[in-house]
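Inspection log for the structure reproduced underneath, given as structure tokens.
Just so you know, residue 1 is the first one in the sequence shown, and it goes up from there.
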Amino acid sequence: WNAYRKQGIEIFEIDINGREILTAAGMAYNHLLNTGCFVDAYSVSGVPLEFFRQGTTGGQTQVRNNESCLQVEGHILDMDKVSLYPYAISEFPGIPKGKPKVWSGNWIPENCDYFYCEIEVLKYASPNYDFPIVAIRDDKTGLNDWSNELEGKALIVGKRTLLDLIEWTDTFEYRVIHGYYWDEGFNDTFCKVIKRLFDLRLEFKRQKNPAQLVVKLLMNSSYGRCGLKPISTEDKYLEEEKLNSFLVNNYERINDMTVMPNGDMKCSVKKSIDEHFNTQYCAAMILEYAKHFMRKILLMSQRLMPYSLFPNQIYYTDTDSVHISLDAWNELKYIFDAKYGEKIEGKKLGQFHSDFELAGTYQNIDGHLKETIFRDEDLGEGGELYSKKFYCCGKKAYLDVLTSTQNQNLEVYHFRLKGVPHKTIISKVDTCYGGCIETLYQDLCKGEAITFTIDCMFKCSKDSTMSTIQQNRVIQFTPTNP
């Protein structure tokens, strides 16, 4: 902690002291303020803030064509975009200057720099994209449904998303209902600061300086504070002699009350959200541009049909990465080079590189799943890891069976199962599957319900007492094609 705090002071002149600044996001936001990134920009609250919040969509995490329980064999890569969000920040025009201006009616203001508007989709025709352009948010669950069925739907979109809808479809007709716009230019300091941070991190990495981790944290959390969700409740801790006075003056705001172990009373009270201000539209713009750059990869092959030889061979995307066949990836590299003069594979900001590595993988040793004992030299001369089998049950639930291009005898496993810790998965595989994790994921892909026992979970009671509990969690997926 002391070393981390010292690096923050030396590099950014910011003190994470546990009082004014509590998080990496807070540190990043203070750095942006100190460097002038928000000069001439306005924070918003109330109705405008809620409008921009509804127009904000996070990263696209989806199995191909919304399938579940997908099983693929072949030469499969996991290509990860280098620093997606810092790249989006470096490429977006900047933070709009001035107050957002409201408009209403079926038109878009001329000469505006940026806008967010609610539209009704009248006509929509495009390839049946495996990874649709926009998501429809389910009001009941709050989940995003990435869908090609947009006709008759109402969407809140930004300028960049609207341009993508026009560019990547065959027919797109819409009616504008209302929106907000800016026409006073951009403050592009944010773009310059993020490029400087990226270069600084590269230099630290060359020096093998652990301060590169501090810079990485700042870059990746730099935009998050802009979209901080309004906090609707707060806790008040009251001594016995102050309780009655507080109840008389705040009884209509109290949600519940809990007696603490020391005799004090904890009151959870409603907090006014119309006092919450942030630059939500800035976070929304960055997310828009991030998805804009990923769409080029996700949609290109299907957009070029029937000329593409390998459509439908992107199997899964998780915000900044894609599981894709080697043939489809090589085709995309050729297309981007020929069409845009752009090299999409590499380690520079915004390029893609393989995310497979031996660190963090496991292998079956004598019927037990253990961390791999292989080293990079075991890949063979010039060998690269790839997935020869890919089991994808759903979002953030998959298994890659990895091997090397130069050593087919090497077999290790890279896996995820959201909501279940690695140690719990390993215990289940060892006790019920003889160390064969493939069988576990095959059962999950068949739609079988699997019970995992999660040990050593911490539970915090309302009175802030902590206890260690054990919980059984049942995981089951519904196969698209049983």
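- No donor-acceptor distance shorter than 3.5 angstrom exists from the side chain of N65 to the backbone of E67, with no hydrogens or angles considered.
- You'll find the side chain of L155 stays beyond 4.5 Å of the side chain of E118, heavy atoms only.
- Contact check for R201 versus V214: no side-chain heavy atoms found under the 4.5 Å cut-off.
- Side-chain atoms of H276 do not come within 3.5 Å of backbone N or O of V44 as any donor-acceptor pair.
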F374 and L410: CA distance, side-chain angles, deciding distance, side-chain contact (heavy atoms from CB on, under 4.5 Å) verdict:
CA-CA 8 Å; F374 289 114; L410 182 147; 3.8 Å; yes
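- At a threshold of 4.0 Å, the pair E167-K296 does not count as salt-bridged, since none of the basic side-chain nitrogens sits closer than that to a carboxylate oxygen.
- Taking CG of N330 as the reference point, atom CZ of F310 lies at 8.5 Å (rounded to 0.5 Å).
- Of the inter-residue distances, the one linking L33 atom CG with H31 atom NE2 reads 10.5 Å to the nearest 0.5 angstrom.
- Ring centers of Y386 and F356: at least 6.0 Å apart, outside the cut-off.
- The closest side-chain heavy-atom distance from C226 to N278 is not below 4.5 Å.
- No hydrogens or angles considered: nothing links the side chains of E411 and T403 as a donor-acceptor pair under 3.5 Å.
- Using a 3.5 Å distance cut-off with no hydrogens or angles, the side chains of S147 and D145 do not pair a donor with an acceptor.
- Counting heavy atoms from C-beta on, the side chains of K389 and E438 come closer than 4.5 Å.
- The ring pair (Phe, Tyr, Trp, His ring centres under 6.0 Å) check on H292 picks up nothing, with sequence neighbours excluded.
- Residues that satisfy the ring pair (Phe, Tyr, Trp, His ring centres under 6.0 Å) test with Y340, not counting sequence neighbours, are F336.
- Contacts classified as salt bridge (Lys or Arg N to Asp or Glu O under 4.0 Å) and involving residues 76-94 (residues at least two apart or in different chains) are not found.
- Contacts of R53 classified as salt bridge (charged side-chain N to carboxylate O under 4.0 Å, His left out), with partners at least two apart in sequence or in another chain: E50.
- Side-chain contact, D183 with N111: no donor N or O sits under 3.5 Å from an acceptor N or O.
- In the model, D355 has no side-chain atom that pairs as donor or acceptor with a side-chain atom of S321 under 3.5 Å.
- The backbone N or O of C37 sits nowhere less than 3.5 Å from a side-chain atom of T189 that would complete a donor-acceptor pair.
- The local environment of CZ in R206 is crowded, with over 12 non-hydrogen atoms from other residues, nucleotides or ligands closer than 6.0 Å.
- Distance check: L32 CG to I194 CD1 gives 7.0 Å after rounding to the nearest 0.5 Å.
- Looking at heavy atoms from C-beta onward, F131 lies in side-chain contact with R64 at the 4.5 angstrom threshold.
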Quick one: do V269 and E234 satisfy side-chain contact (heavy atoms from CB on, under 4.5 Å)? Show the steps, please.
CA-CA 6 Å; V269 299; E234 62 179 337; 3.6 Å; yes
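- When the salt bridge (charged side-chain N to carboxylate O under 4.0 Å, His left out) test is applied to K333, the partners found at least two apart in sequence or on another chain are E345.
- More than 12 non-hydrogen atoms from other residues, nucleotides or ligands lie less than 6.0 angstrom from NZ of K270.
- Heavy-atom neighbours of K395 NZ from other residues, nucleotides or ligands within 6.0 Å: above the threshold of 12.
- Within 6.0 Å of CD on Q207 lie more than 12 heavy atoms contributed by other residues, nucleotides or ligands.
- Within the 4.5 Å cutoff, side-chain heavy atoms of Y85 are placed close to those of L287.
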Show your working on side-chain contact (heavy atoms from CB on, under 4.5 Å) between Y316 and V322 and close with a plain yes or no.
CA-CA 6 Å; Y316 177 75; V322 291; over 6 Å; no
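- Below 30°, between 30° and 60°, or above 60°: for F390 and Y315 the angle between ring planes is between 30° and 60°, a tilted geometry.
- Side-chain contact between Y289 and P93: present, with at least one pair of heavy atoms (C-beta onward) separated by less than 4.5 Å.
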Given ring pair (Phe, Tyr, Trp, His ring centres under 6.0 Å), test Y114 with Y181 step by step and report yes or no.
CA-CA 6 Å; Y114 211 83; Y181 71 96; over 10 Å; no
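- Considering Y116, F92, W182 as possible partners of Y281, the one that fulfils the ring pair (Phe, Tyr, Trp, His ring centres under 6.0 Å) test is W182.
- Remark: D164 CG to I133 CD1 distance equals 7.0 Å, nearest 0.5 Å.
- Counting heavy atoms from C-beta on, the side chains of L150 and V134 come closer than 4.5 Å.
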Run the numbers on S325 and D327 for side chain to side chain donor-acceptor pair (under 3.5 Å), then give the verdict.
CA-CA 5 Å; S325 73; D327 290 333; 5.4 Å; no
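- Considering CG of D400 and NZ of K388, their distance stands at 12.0 Å, rounded to 0.5 Å.
- Side-chain contact check for Q280 and T56: at least one donor-acceptor pair (N or O, by modelled atom type) lies under 3.5 Å.
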Test side chain to side chain donor-acceptor pair (under 3.5 Å) applied to N312 and D130, step by step:
CA-CA 7 Å; N312 311 108; D130 291 337; 3.0 Å; yes
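- There is a side-chain donor-acceptor pair under 3.5 Å between E331 and S308.
- The six-membered or imidazole ring of W329 lies near that of F352, with a centre-to-centre distance under 6.0 Å.
- Atoms CD1 and CG, from I119 and L165 in turn, are 6.0 Å apart once rounded to the nearest 0.5 Å.
- With ring centers used as reference points, Y29 lies under 6.0 Å from F38.
- Using a 4.0 Å cut-off between a side-chain N of Lys or Arg and a carboxylate O of Asp or Glu, K192 and D188 qualify as a salt bridge.
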As a quick check of understanding, evaluate side chain to side chain donor-acceptor pair (under 3.5 Å) for E384 and T405, giving each step before the final call.
CA-CA 5 Å; E384 296 181 351; T405 53; 5.6 Å; no
Under 3.5 Å donor-acceptor pairs involving side-chain atoms of residues 419-428, not counting sequence neighbours:
| residue | atom | partner | partner atom | Å |
| --- | --- | --- | --- | --- |
| H422 | NE2 | F415 | O | 3.3 |
| K428 | NZ | T451 | O | 2.9 |

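- A tilted orientation is assigned to the rings of H414 and Y398, their planes being inclined by 30° to 60°.
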Residues D318, R416; criterion salt bridge (charged side-chain N to carboxylate O under 4.0 Å, His left out); working and verdict
CA-CA 12 Å; D318 190 346; R416 288 190 69 182; 3.4 Å; yes
